[in-house]
Amino acid sequence: MELEPLYQIKVTCLHCENTFSTSRVRPSFKRATRTDTDFCGYYNEENPDYYVVRICPSCGFASTENFNAKLSEAQRAKFKQDIGDRFIKRNYDGHRDWETALESYKLGLLCAQTIGEKERILASLLHHIAWLYRYKNNQEQEQRFMKYALESYIRVFETEDIHGSDARLMYLIGELHRRIGEYNEAVKWFARVINDKRIMDAAMIRACREQWATLREEMMNQGQELPEEMRG
């Protein structure tokens with residue numbers, strides 16, 4: 001018997017403590033056919049990213065597995081007032097198409113903002129929304145959400161205690177700057193990863209070198225003046 005790409009898991013809602021089912025993609029189906037330079041994956045069958053946000057059918061609270069494990073009474077009250085009281089009950093537990101995935105991410109983002117979730121979670125949700133628009137070649141919305149994600153990732157870098165050595169985060173900040181056309185800022189972030197002797201993440205150092213070369217070529221093709229770091 002052939003395996004289905006989706007399987008169900010049980011989740012307990014952080015808000016109303018109702019137990020509900022949500023779909024996941026089996027690990028054997030999670031191989032991307034290709035991946036963009038900001039980690040956006042493309043899949044032949046079910047896209048696992050479509051199922052990241054779990055939505056309670058009873059109260060509408062949407063979360064990912066990275067949300068805080070408990071809500072305070074103040075957070076519960078804020079969610080109920082801003083979102084829960086207006087939620088029209090529906091089930092998100094089966095197959096999700098693009099529209100349903102977008103809806104789930106936007107609800108997840110709204111919930112995360114309402115309860116004051118960690119900045120890193122907001123950044124990831126914003127970035128995933130940008131990817132969804134990329135799948136549809138909607139460049140205007142993709143660029144808009146990449147800018148929001150970039151601002152959010154920069155806040156993560158500035159406020160989280162990461163000692164300036166989170167190479168993946170720094171690479172992503174550089175790459176999103178490149179993708180929205182802020183080339184000089186991109187150069188600075190890539191250079192930080194390449195030149196910081198404390199960073200041992202060989203894959204991210206290599207990725208920064210590759211994107212640095214891509215960026216140099218793009219700037220030269222567009223007749224832009226190269227920043228000092230790139231000359232010579």
Side-chain angles (χ1 to χ4, degrees), residues 32 34-43 47-50 52-53 64 66 98 101-102 104-106 108-110 112-113 117-196 199 201-222 224-230:
R34 67 186 174 92
T35 306
D36 288 340
T37 48
D38 65 341
F39 310 121
C40 172
Y42 297 81
Y43 301 85
N47 185 333
D49 285 341
Y50 281 17
V52 166
V53 179
T64 73
N66 296 319
W98 182 88
L102 184 66
S104 72
Y105 271 104
K106 287 192 171 176
L109 179 65
L110 204 55
Q113 288 168 330
E117 218 2 300
K118 292 186 293 290
E119 192 68 50
R120 197 177 271 264
I121 284 173
L122 297 179
S124 175
L125 291 167
L126 288 161
H127 198 179
H128 276 81
I129 293 170
W131 291 349
L132 283 167
Y133 282 118
R134 188 180 303 168
Y135 295 140
K136 293 289 184 190
N137 293 316
N138 184 336
Q139 291 180 341
E140 188 186 337
Q141 290 294 349
E142 182 199 344
Q143 288 278 317
R144 178 175 162 232
F145 278 94
M146 277 199 298
K147 282 175 185 162
Y148 292 149
L150 174 58
E151 288 162 10
S152 196
Y153 281 131
I154 291 170
R155 282 195 290 276
V156 173
F157 186 81
E158 289 170 348
T159 57
E160 283 191 14
D161 186 20
I162 52 176
H163 310 297
S165 60
D166 187 335
R168 184 185 168 94
L169 176 61
M170 292 160 81
Y171 164 78
L172 258 183
I173 292 171
E175 180 56 14
L176 290 186
H177 272 303
R178 186 188 74 80
R179 283 177 172 267
I180 64 169
E182 294 177 353
Y183 291 167
N184 288 338
E185 285 301 310
V187 170
K188 287 176 193 164
W189 285 93
F190 291 145
R192 286 171 84 163
V193 177
I194 294 164
N195 299 326
D196 190 334
I199 291 175
D201 188 334
M204 285 300 104
I205 294 169
R206 187 167 63 249
C208 284
R209 287 189 195 282
E210 284 168 4
Q211 291 315 91
W212 170 287
T214 300
L215 193 50
R216 192 171 192 278
E217 206 171 297
E218 280 174 355
M219 291 179 82
M220 286 171 78
N221 288 343
Q222 291 175 21
Q224 292 199 33
E225 192 182 340
L226 292 178
E228 208 162 311
E229 300 97 318
M230 282 188 159

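Being a predicted model, the structure only gives us computed values, none of them experimental.
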J.: Would you check, one step at a time, whether the test side chain to side chain contact (heavy atoms under 4.5 Å, CB included) holds for F190 with H177?
T.: CA-CA 10 Å; F190 291 145; H177 272 303; over 6 Å; no
J.: Calculate, to the nearest 0.5 Å, the distance between atoms NE2 and OH belonging to H127 and Y148 respectively.
T.: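 One gets 15.5 Å once the value is rounded to the nearest 0.5 Å.
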J.: Check this for me: E225, atom CD, are more than 12 non-hydrogen atoms of other residues, nucleotides or ligands nearer than 6.0 Å?
T.: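 No.
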J.: Roughly how far apart are L109 CG and S152 OG, rounded to 0.5 Å?
T.: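 The distance works out to 9.0 Å.
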J.: Y105: what forms a ring-ring contact (aromatic ring centres under 6.0 Å, His included) with it, not counting sequence neighbours?
T.: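 Residues passing ring-ring contact (aromatic ring centres under 6.0 Å, His included) with Y105: H128.
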J.: May I ask you to check if R192 and W189 form a cation-pi contact, with NZ or CZ under 6.0 angstrom from the six-membered ring centre and within 45° of the axis?
T.: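 Checked: cation-pi criterion met.
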J.: If you round to the nearest 0.5 Å, how far is CE of M219 from CZ of R178?
T.: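 So the CZ of R178 and the CE of M219 are separated by 12.0 Å.
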J.: Could you report the tightest heavy-atom contact between N138 and Q141, atom names first, then the distance?
T.: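 Closest heavy-atom pair between N138 and Q141: OD1-N, 3.1 Å.
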J.: Judged by atom type as modelled, is there a donor-acceptor pair below 3.5 Å linking the side chain of S124 to the main-chain atoms of R120?
T.: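 Between the backbone of R120 and the side chain of S124 there is no qualifying donor-acceptor contact (under 3.5 Å).
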J.: For S104 and A101, indicate whether the former's side chain and the latter's backbone hold a donor-acceptor pair under 3.5 Å.
T.: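 Such a contact is found between S104 side chain and A101 backbone.
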J.: About how many Å separate CG of L176 and OG1 of T37, when rounded to the nearest 0.5 Å?
T.: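 Result: 9.0 Å between the selected atoms.
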J.: Short question: side chain of N47, backbone of D49 - any donor-acceptor pair under 3.5 Å?
T.: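 Answer holds: yes.
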J.: Output, in order, the C-alpha distance, side-chain angles, deciding distance and verdict of side chain to side chain contact (heavy atoms under 4.5 Å, CB included) for R134 and M146.
T.: CA-CA 10 Å; R134 188 180 303 168; M146 277 199 298; 3.6 Å; yes
J.: What's the separation between atom CD in E160 and atom OH in Y153, rounded to the nearest 0.5 Å?
T.: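 One finds 11.5 Å between CD of E160 and OH of Y153.
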J.: Classify the ring geometry between W98 and Y133 as parallel (under 30°), tilted (30 to 60°) or perpendicular (over 60°).
T.: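 W98 vs Y133 ring planes: perpendicular.
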J.: Just by distance, do the side chain of Q143 and the backbone of R179 share a donor-acceptor pair under 3.5 Å?
T.: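 Yes.
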J.: When you look at D38 and W131, which way does the side-chain hydrogen bond (donor to acceptor under 3.5 Å, both in side chains) test go after all the steps?
T.: CA-CA 9 Å; D38 65 341; W131 291 349; 3.2 Å; yes
J.: If you compare all heavy atoms of A123 against all heavy atoms of A149, which two are closest, and at what distance to 0.1 Å?
T.: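 Minimum heavy-atom contact is O-CB, 3.9 Å.
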J.: Of the non-hydrogen atoms in I173 and L150, which two are nearest, and what is the gap between them?
T.: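 Smallest heavy-atom distance, with atoms named: O-CD1, 3.6 Å.
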J.: Of all the heavy-atom pairs spanning L102 and L132, show the shortest one and how long it is.
T.: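 Distance-wise, the nearest heavy atoms are CA-CD1, 3.7 Å.
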J.: Could you work out, with ring-ring contact (aromatic ring centres under 6.0 Å, His included) as the rule, every residue matching Y43, not counting sequence neighbours?
T.: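 Partners of Y43 under the ring-ring contact (aromatic ring centres under 6.0 Å, His included) test: none.
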J.: As an exercise, state the distance from CG of L126 to NZ of K147, rounded to the nearest 0.5 Å.
T.: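 Going from CG on L126 over to NZ on K147, the span is 14.0 Å.
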J.: Test side chain to side chain contact (heavy atoms under 4.5 Å, CB included) on L125 and E117 and set out the steps.
T.: CA-CA 11 Å; L125 291 167; E117 218 2 300; over 6 Å; no
J.: Taking R155 first and then E158, would you say they form a salt bridge - that is, a charged N and a carboxylate O separated by under 4.0 Å?
T.: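 Salt bridge between R155 and E158, a charged N being under 4.0 Å from a carboxylate O: no.
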J.: Do the numbers put R168 on top of the ring of F39, so that NZ or CZ is under 6.0 Å from the six-membered ring centre and no more than 45° off the axis?
T.: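 Pair R168/F39 counts as cation-pi.
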J.: On a heavy-atom basis, which atom in V187 and which in P227 lie closest, and how many Å separate them?
T.: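 Heavy-atom minimum between the residues: CG2-CG, 3.8 Å.
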J.: Give the minimum heavy-atom separation between A32 and G41, together with the two atoms involved.
T.: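 It is CB-CA, 4.4 Å.
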J.: Is there side-chain contact between Q113 and L110, with at least one heavy-atom pair below 4.5 Å?
T.: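 Answer yes - side chains close enough.
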J.: Go through the structure and list residues passing ring-ring contact (aromatic ring centres under 6.0 Å, His included) with Y50, not counting sequence neighbours.
T.: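 Y50 satisfies ring-ring contact (aromatic ring centres under 6.0 Å, His included) with no residue once adjacent residues are dropped.
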